[in-house]
Amino acid sequence: MSIPVLTIDGPSGAGKGTVSRAVAKRLGWNYLDSGSIYRSLAIAVLKQAVDLKDEAAIVNVAQTMALEFDCNDELVVRLDGEDITAQLGLESTGNTASIVAVLPEVRHVLLQKQKDFKQSPGLVADGRDMGTVVFPEAENKVFLTASAAERARRRYKQLIEKGNGANLAQITNEIEERDRRDMERKTAPLAMANDALYIDSSDMTLESVIEEVLNLIR
Ligand code: C5P
């Protein structure tokens with residue numbers, strides 16, 4: 001029997017992570033946070049002080065880095081044996097991730113690492129190209145978005161709640177810049193799969209988004 005896959009793609013800050021984790025938990029399925037793979041590569045590249053213009057060196061890091069994912073209650077990621085979970089959420093990590101993610105060879109190298117997450121009894125995969133490139137065969141696909149202003153507001157609130165300093169105008173600019181890079185890149189740009197359900201969560205509660213996604217599976 002084939003393993004069911006639900007893909008949830010969309011721009012950064014649309015709530016994909018929270019929704020995907022909740023849906024995976026309710027279904028008892030595995031969860032792939034594909035952004036964390038690009039973020040891990042960004043951390044490795046920053047640690048090794050690789051020039052962001054040196055494509056061959058970045059590809060080399062992608063090929064040689066050893067990643068371990070522990071996806072129990074909380075995601076724990078180890079890079080070459082070191083726990084990097086705390087660095088994954090940093091804005092600098094996300095911004096660098098979107099720069100290295102533009103490179104076609106990097107995406108090629110990371111493709112199999114993502115496909116390996118497809119394990120029984122099922123998989124919820126969250127990212128930009130889950131339904132279009134990594135799991136085009138998935139029978140259930142969602143494109144989850146929200147306005148840039150709403151996504152910036154949510155991110156700002158998250159940072160303030162965590163006790164970090166934050167500047168709403170700067171976050172809005174960064175979100176728009178990241179959207180532009182993710183949508184305009186040549187390889188696997190952020191785009192809605194033809195067979196995906198479109199959900200704009202700008203005016204929806206988290207619970208109603210989760211319900212709508214679960215309805216798709218039922
Ligand atoms: O989703 P998240 O914000 O963690 O992703 C960080 C960056 O990694 C994104 O801005 C995007 O450039 C890249 N990414 C990607 N393809 C994915 C997931 C993330 O290009 N499937």
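Indexing begins at 1, ligand by ligand and atom by atom, following the structure's order. For the numbers below, each heavy atom of this structure counts, side chains included, while hydrogens, waters and symmetry mates do not.
- In this structure, the protein non-hydrogen atom closest to atom 14 (N) of ligand 1 is Tyr38 CD1, 3.7 Å.
- At a 3.5 angstrom cut-off on N or O pairs, Asp33 does not count as close to ligand 1.
- Proximity to Ala101 (heavy-atom distance under 4.0 Å) selects the following atoms of ligand 1: 12 (O), 13 (C), 20 (O).
- Residue Met130 approaches ligand 1 through these ligand atoms, each under 4.0 Å from one of its heavy atoms: 21 (N).
- Heavy atoms from both the backbone and the side chain of Arg128 come within less than 4.0 Å of ligand 1.
- Checked against a 3.5 angstrom limit, the closest N/O atoms of Arg178 and ligand 1 fall inside it.
- Side chains of Val23 and Ile210 form a contact here, defined as non-hydrogen atoms less than 4.5 Å apart.
- Of the protein's heavy atoms, Ala97 CB, 3.8 Å lies nearest to atom 7 (C) of ligand 1.
- Between the side chains of Ser98 and Arg181, a donor-acceptor pair is found at a separation under 3.5 Å.
- Between Arg153 and Gln158, the closest side-chain pair of non-hydrogen atoms is not below 4.5 Å.
- Side-chain contact of Arg154 with Ser201: a donor-acceptor pair under 3.5 Å is present, judged by distance alone.
- When each atom of ligand 1 is checked for a heavy atom of Asp182 under 4.0 Å away, the hits are 9 (C), 10 (O), 11 (C), 12 (O).
- The N/O atoms of Ser34, backbone and side chain alike, include one that comes under 3.5 Å of an N/O atom in ligand 1.
- With a 6.0 Å radius and a threshold of 12 heavy atoms from other residues, nucleotides or ligands, Asp116 has its CG atom above the threshold.
- At least one heavy atom of Arg185 sits closer than 4.0 Å to an atom of ligand 1.
- Counting heavy atoms from C-beta outward, Arg151 and Asp179 have side chains that approach closer than 4.5 Å.
- Numbered from 1 in the order shown, with element, the atoms of ligand 1 that lie under 4.0 Å from a heavy atom of Arg39 read 2 (P), 3 (O), 4 (O), 6 (C).
- Donor-acceptor pairing under 3.5 Å is recorded for the side chains of Asp126 and Tyr31.
- At the top of the distance list for atom 19 (C) of ligand 1, counting protein heavy atoms only, stands Gly35 CA, 3.6 Å.
- Below 30°, between 30° and 60°, or above 60°: for Phe117 and Phe69 the angle between ring planes is above 60°, a perpendicular geometry.
- When only interatomic distances are considered, the shortest N/O to N/O separation between Arg107 and ligand 1 falls below 3.5 Å.
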Practice task
In sequence, state the C-alpha distance, the side-chain angles, and the governing distance for Arg78 and Glu82, and then conclude on salt bridge (charged side-chain N to carboxylate O under 4.0 Å, His left out).
Solution key: CA-CA 5 Å; Arg78 273 181 287 276; Glu82 186 195 339; over 6 Å; no

